[in-house]
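Keep in mind it's a predicted model, so treat the numbers as computed, not measured.
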Amino acid sequence: MPAILVLGLGNIIMRDEGLGVRACERLTQRYRVPDSVTVLDGGTLGLDLLPYLEGIADLLILDAINAGHPPGAIVRLENEQIPQILALKMSMHQVGLQELLAVMALRGHTPSRIVLLGMEPLLIEPGLDLSDPVLANLDRLVEAVAAELQSWGVPVSPAEGNTDLCM
């Protein structure tokens, strides 16, 4: 099976801005994925993530997305739709994500499939807790991640017990 990276992005000390990282954590607590899938807490690393993307066939990004929907709404973007939505920058790490995708393309290492699963935030302000609408829909986002991986032919199964495997 080709190498797949599930990349959770965001700043967890800025409330809903960290929902991609929180989704990554919850994914690894609730589901088991095969060794061909890496689930990575990318935080706000931007271009420092480039080494993790070398040799990746498919990329699934989890992030807070400002797409004009109500807070808590789940958004799915694919390939060329992603740079378009990142033009409406919500945070500095999205600048890093734009650059990261551009450098990957310049180096000829663009994954064959790039999907961004995100959610509309309510609060981007200092704090550790997710807002109520984001927290209420976090499980739905994680289920959408599992369903996306399954649609790619990845055998995803519920985890037994609490196994936090997010790098």
Side-chain angles (χ1 to χ4, degrees), residues 1-12 14-31 33-34 36-69 72-107 109-121 124 130 134 137-154 156 165-167:
M1 181 172 280
I4 296 171
L5 177 63
V6 177
L7 180 61
L9 296 177
N11 186 344
I12 62 169
M14 294 296 289
R15 301 210 52 183
D16 293 347
E17 157 70 19
L19 74 86
V21 173
R22 300 297 186 208
C24 172
E25 293 168 348
R26 190 156 300 179
L27 176 70
T28 60
Q29 291 168 354
R30 305 243 167 120
Y31 292 95
V33 294
S36 61
V37 177
T38 300
V39 181
L40 178 65
D41 169 356
T44 60
L45 292 175
L47 287 175
D48 291 332
L49 292 168
L50 198 56
Y52 295 98
L53 294 161
E54 300 289 328
I56 294 298
D58 298 303
L59 175 61
L60 180 54
I61 303 165
L62 312 178
D63 201 2
I65 296 297
N66 186 3
H69 299 292
I74 294 174
V75 178
R76 183 188 183 281
L77 302 169
E78 202 170 343
N79 298 323
E80 66 280 345
Q81 295 172 319
I82 297 169
Q84 292 171 5
I85 199 74
L86 292 179
L88 306 170
K89 292 171 194 63
M90 207 175 59
S91 67
M92 286 307 295
H93 85 261
Q94 287 183 334
V95 173
L97 178 56
Q98 264 187 311
E99 292 171 343
L100 183 66
L101 295 174
V103 169
M104 288 171 44
L106 285 173
R107 295 178 71 176
H109 295 296
T110 302
S112 59
R113 180 173 22 209
I114 303 174
V115 171
L116 191 153
L117 279 173
M119 191 186 308
E120 284 281 348
I124 305 295
L130 296 173
V134 169
N137 287 299
L138 190 61
D139 284 338
R140 280 188 43 231
L141 177 61
V142 171
E143 290 166 8
V145 172
E148 186 75 34
L149 290 171
Q150 289 170 338
S151 77
W152 296 358
V154 176
V156 177
L165 304 172
C166 192
M167 295 175 57

Between [Y] and [X], is there a side-chain heavy-atom distance shorter than 4.5 Å?
{"X": "R15", "Y": "I124", "value": "no"}
{"X": "L19", "Y": "L141", "value": "yes"}
{"X": "L50", "Y": "R107", "value": "yes"}
{"X": "L49", "Y": "L9", "value": "yes"}
{"X": "C24", "Y": "L40", "value": "no"}

### Message
Just to verify, which of D58, L59, I56 counts as forming a side chain to side chain contact (heavy atoms under 4.5 Å, CB included) with S112?
### Response
D58
Using side-chain hydrogen bond (donor to acceptor under 3.5 Å, both in side chains) as the criterion, list what pairs up with [X], not counting sequence neighbours.
{"X": "S151", "value": "none"}
{"X": "E148", "value": "R76, W152"}
{"X": "D139", "value": "R26, R30"}

Quick one: closest heavy-atom pair of [X] and [Y], and the distance?
{"X": "A23", "Y": "L62", "result": "CB-CD1, 4.0 Å"}
{"X": "G42", "Y": "L7", "result": "CA-CD1, 3.8 Å"}
{"X": "P51", "Y": "D48", "result": "CD-O, 3.3 Å"}
{"X": "V156", "Y": "A146", "result": "CG1-CB, 4.0 Å"}
{"X": "V75", "Y": "A67", "result": "CG2-CB, 4.3 Å"}

Quick one: [atom1] on [X] to [atom2] on [Y], what's the gap to the nearest 0.5 Å?
{"X": "L5", "Y": "S36", "atom1": "CG", "atom2": "OG", "answer": "11.5 Å"}
{"X": "L27", "Y": "R22", "atom1": "CG", "atom2": "CZ", "answer": "15.0 Å"}
{"X": "M119", "Y": "D16", "atom1": "CE", "atom2": "CG", "answer": "8.5 Å"}
{"X": "L77", "Y": "I61", "atom1": "CG", "atom2": "CD1", "answer": "9.5 Å"}

### Message
Quick test of your reading of the model: are E143 and R140 salt-bridged, counting only N-O distances below 4.0 Å?
### Response
no
### Query
Taking D63 for the side chain and I65 for the main chain, is one N or O donor matched with an acceptor at less than 3.5 Å?
no
#### Entry: N/O donor-acceptor pair under 3.5 Å between E120 side chain and H69 backbone
yes
